[in-house]
Amino acid sequence: MIVTYPFSAVVGLDDLKLALVLNAVSPRTGGVLVRGEKGTAKSTIVRALAAQLPPVQVVAGCRFACDPAAPDPGCPDGPHEPGSAVLRRPAALVELPVGASEDRLVGSLDVERALTEGVKAFEPGLLAAAHRGVLYVDEVNLLHDHLVDLLLDAAALGTCYVERESVSVRHAARFLLVGTMNPEEGELRPQLLDRFGLTVEVRASRNPDERAEVVRRRLAFDADPEAFAVRWAAEEAALAARIAQARARVPGVRLPDARLRQIAAVCAGFEVDGLRADLVTANAAIAHAAWHGREAVTTDDVRAAARLSLPHRRRRDPFDAPGLDESLLEELLDRTSGEDDPPEGPSGGGPGGPSGDGSSGDGTDAAPGGGRCDGPGGEADGSADQGGTGRDATDGSTRTGADGAGRDGTGLDGAGLDGAGLDGAGQGGTDPDGPGADGADGAGPDGAGGRGGAVAVAAAPYRVPLLDVPGVGDGVAGRRSRSRTAHGRATGARRPAGRVRDLHLTATVLAAAPHQAARGRTGPGLVLREDDLREVLREGREGNLVLFVVDASGSMAARKRMSAVKTAVLSLLLDAYQRRDKIGLVTFRGAGAEVALPPTSSVEAGAARLRSLPTGGRTPLAAGLVRAAEVLRVERLRDPARRPLLVLVTDGRATAGGDVDRAAALLTGTTSVVVDCESGPVRLGLAVRLAARLGARLVPLDSLDARSGRGSDLGAVVRDHRNATDRDRRSPAAGGDGGSRARDYGGSGIRTYRKAV
């Protein structure tokens, strides 16, 4: 028998405990998303929750957990007659692996029975098993898109529809959806994020005493799980009883009209999209009131519900961290609270109630009804992250905290960009990239800007054109390049190279059909041989490894060019997020290059590193290319199926750090894009030459904005340059201009010298 870690024995994590308990009290709350760093007991506490859920009664023999009191009329195992045998069992905890297949999630045709018995039978999946229980998705942010779509449909409708392989089935699928994720590994799609009713941000306690207690209890559990569970049996039983009592109390809890208007005012004040936030907050407030033994919802219940239901609905783009401005919440509650609050009933839980002190101390040794799971203010272990203004970026003042004191020129975008540090002495001549641009004339190796360099501020990201890898790959499902995937559209069938993982039923039957007479078939089933089997050949889109190599030298900082560069790279990061890519960031400036962000799925982390990227110093272009080649080499060993896309953002200058041609040779065969950042009336065309060395597509910086209608690749640039050169050779009598040195390249907006190519 497997013994789970007791829910009551978890130290701290008050907000997470409260969110899980509210969902146990009222499944209509909508589930919980647990965000946090690794090693914070996210999975442990979720698995411990299942033991606290009241048992369920199901129709005996029903694979879809139908309720005997109200069986599903469309149940595939039905119809269930009144008086059918009843089975009482614990609520199910079903775990959805990140690598699960589609048929494992929703169910599929029972192939074995179809081929051997000639009958059409449905084999249910995990959604059927999770009905009336808990569906737990660890690392939910890594779930494949096709599974996310199916999960969204089932969570929204409470019904699973299966239309595949000549099977048409529907069955009830109402479950408590709990997901855990580490934000460093990537963010969730907005649609799935909104499906989670509540969200909690957790982190390990920084209190040495609490950390020691966590280790002490875990060691005791690992040494003797049964004895440890016995020690906490009384607390677990009391907690389960209180959850059952609160669940029975939920139908009788009143939501006064004043509190409903308060909920609506809070959601409107935070400018959340849609009305799902209002519904979730109302259900969570009702559950919170039932948990505390009240007969009507109070302002304290609304406060507790809003703190859990709104943070993840405040995000406006993937670069915003979820959070809630506590001061704004209190202002909205004070503005809408009246004198018609119903009198509070018993808190039902001791010090953790609204009037108690559940927010102080760790509360871990209290009774199960105490401060660990109670009270809207429990912040013993990281819950303050949800409301702190330092990292939540929910209002104007705190949002600029990541980018400086503002965009008005007083902070990071102020004198440091326009003053002597970047565009002052040594860079004010007619050539924006002239002497001093790389900081060669400044004091120290990084020039006038010093070793720390200046930090430019990026504007709002924009939509960029598709940059993909040519050919057809075999990588992870995504939305960028063509790929043979396990979940794309079917394009044909093939003989399997090994074990059949995705049977092509029609092709298998067609391969076996001509041989039935020769094989002596007499019954209804087909006589199959191993060489009859065929598997589906599918093609879809894959996610790539997009490695950004950004020139952060002094020449890039001239005249606020780095602000435009950061905006462009942020836009490319947003595109990578939407296309399910893995990203990495290499920067080079001064004496060498560094890996600012190792390859990861967290676009938010990439944006944070980019925003704080300093500029200044010489331009070690070769060092940047060598470091990029090393990163790609290591990633090929770790993830050989994921094809790389190198995005080099530079003006093409190289004033330090080795032979560029030899460095470029290390990237032979890598699909590359050079974003040309050269600006000004006179251009050297160095990025054009670099793109030619790499065999890369050339994209001017000002053409990345897809709304501009501009766009170019290396071939177009070369053709435009040659046309410009031909026109330049004409004499004024022939209609030419007699020898202008610089040219506009058609729609690309690039100018260069005639000798650039």
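- In this structure, Leu570 and Ala607 approach most closely via the heavy-atom pair CD2-CB, 3.7 Å.
- With sequence neighbours excluded, no residue forms a side-chain hydrogen bond (donor to acceptor under 3.5 Å, both in side chains) with Arg627.
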> Can you list the steps and then say if Asn182 with Asn141 is a side chain to side chain contact (heavy atoms under 4.5 Å, CB included)?
Replying inline: CA-CA 8 Å; Asn182 183 352; Asn141 51 323; 5.6 Å; no
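- The distance from the CZ atom of Arg35 to the OG1 atom of Thr180 is 12.0 Å, given to the nearest 0.5 Å.
- We find the CG-CG distance between Leu690 and Leu698 to be 9.0 Å, quoted to the nearest 0.5 Å.
- Under the salt bridge (Lys or Arg N to Asp or Glu O under 4.0 Å) criterion, Asp532 pairs with Arg519, not counting sequence neighbours.
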>> Run Val565 and Val675 through side chain to side chain contact (heavy atoms under 4.5 Å, CB included) and show every step you take.
In response: CA-CA 9 Å; Val565 168; Val675 179; over 6 Å; no
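- Under the rule for a side-chain hydrogen bond (donor to acceptor under 3.5 Å, both in side chains), the partners of Arg494 that lie at least two apart in sequence or sit in another chain are Glu535.
- Residues forming a side-chain contact (heavy atoms from CB on, under 4.5 Å) with Leu510 (at least two apart in sequence, or on another chain): Thr506.
- Across every non-hydrogen atom of Pro614 and Ala552, the tightest pair is O-CB, 3.5 Å.
- Under the 3.5 Å distance criterion, the side-chain polar atoms of Arg579 are matched with a main-chain donor or acceptor of Arg479.
- The structure places CG of Leu632 at 11.0 Å from CG of Leu637, a figure rounded to the nearest 0.5 Å.
- Of the possible donor and acceptor atoms, one in the side chain of Thr199 sits under 3.5 Å from a partner among the backbone N and O of Leu33.
- Scanning both residues, Leu694 and Ala664, for their nearest heavy atoms gives CD2-CB, 3.6 Å.
- Here Asp651 contributes atom CG and Leu684 contributes atom CG; the two are 9.0 Å apart, rounded to the nearest 0.5 Å.
- Looking at residues two or more places apart in sequence or on another chain, you find a side-chain hydrogen bond (donor to acceptor under 3.5 Å, both in side chains) between Glu95 and Arg47.
- Closest approach of Glu139 to Met181, counting heavy atoms only: OE1-CA, 4.3 Å.
- Here CZ of Arg463 is found 9.5 Å from CG of Asp575. Values are rounded to the nearest 0.5 Å.
- Within the 4.5 Å cutoff, no side-chain heavy atoms of Val546 are placed close to those of Leu467.
- Residues Tyr462 and Thr567 bring no donor and acceptor atom of their side chains to less than 3.5 Å of each other.
- Scored by the salt bridge (Lys or Arg N to Asp or Glu O under 4.0 Å) test, Glu630 finds Arg633 as partners (sequence neighbours excluded).
- Considering only heavy atoms from C-beta on, Leu666 comes within 4.5 Å of Val626 through its side chain.
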> Should Glu635 and Lys582 be marked as a side chain to side chain contact (heavy atoms under 4.5 Å, CB included) after you check the CA-CA gap, both sets of side-chain angles, and the distance that decides it?
Replying inline: CA-CA 11 Å; Glu635 282 302 306; Lys582 199 174 182 179; 3.4 Å; yes
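- Side chain of Thr508 to main chain of Arg534: a donor-acceptor pair is present (N/O by atom type, distance under 3.5 Å, no hydrogens or angles).
- Residues passing the side-chain hydrogen bond (donor to acceptor under 3.5 Å, both in side chains) test with Arg636, sequence neighbours excluded: Thr670.
- A salt bridge is defined here as a Lys NZ or Arg NE, NH1 or NH2 lying under 4.0 Å from an Asp or Glu carboxylate O, and Asp661 with Arg693 meets this definition.
- Judged by distance alone, with hydrogens and angles left aside, the side-chain atoms of Lys566 form a donor-acceptor pair with the main-chain N or O of Leu610 at under 3.5 Å.
- By the side-chain contact (heavy atoms from CB on, under 4.5 Å) test, Asp468 pairs with Leu466, Arg480, Ser481, Arg541, sequence neighbours left out.
- No donor-acceptor pair closer than 3.5 Å links the side chain of Thr619 to the backbone N or O of Thr655.
- Arg638 CZ: 12 or fewer foreign heavy atoms inside a 6.0 Å radius.
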> So Val649 and Asp551, side chain to side chain contact (heavy atoms under 4.5 Å, CB included) or not? Walk me through it.
Replying inline: CA-CA 6 Å; Val649 185; Asp551 184 350; over 6 Å; no
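- Checked by atom type and distance alone, the side chain of Arg589 pairs as donor or acceptor with a backbone atom of Gly616 at under 3.5 Å.
- Remark: Val549 pairs with Leu547, Val586, Phe588, Ala628, Leu646, Leu648 by the side-chain contact (heavy atoms from CB on, under 4.5 Å) rule, at least two apart or across chains.
- Heavy-atom minimum distance, Ala696 versus Val674: CB-CG2, 3.9 Å.
- Take Arg609 and apply the side-chain contact (heavy atoms from CB on, under 4.5 Å) test, not counting sequence neighbours, and it matches Leu585, Leu597.
- Not counting sequence neighbours, the partners of Arg484 by the salt bridge (Lys or Arg N to Asp or Glu O under 4.0 Å) test are Asp474.
- Considering only heavy atoms from C-beta on, Asn544 stays 4.5 Å or farther from Thr671 through its side chain.
- Here the closest non-hydrogen pair linking Gly107 and Val162 is O-CG1, 3.9 Å.
- Contacts classified as salt bridge (Lys or Arg N to Asp or Glu O under 4.0 Å) and involving residues 640-650 (residues at least two apart or in different chains) are given here: Glu542-Arg643, Asp639-Arg642.
- In this structure, Arg104 CZ and Leu126 CG are separated by 4.0 Å, a value rounded to the nearest 0.5 Å.
- Judged by distance alone, the side chain of Asp581 and the main-chain N or O of Ile583 form no donor-acceptor pair under 3.5 Å.
- Considering only heavy atoms from C-beta on, Thr587 comes within 4.5 Å of Glu594 through its side chain.
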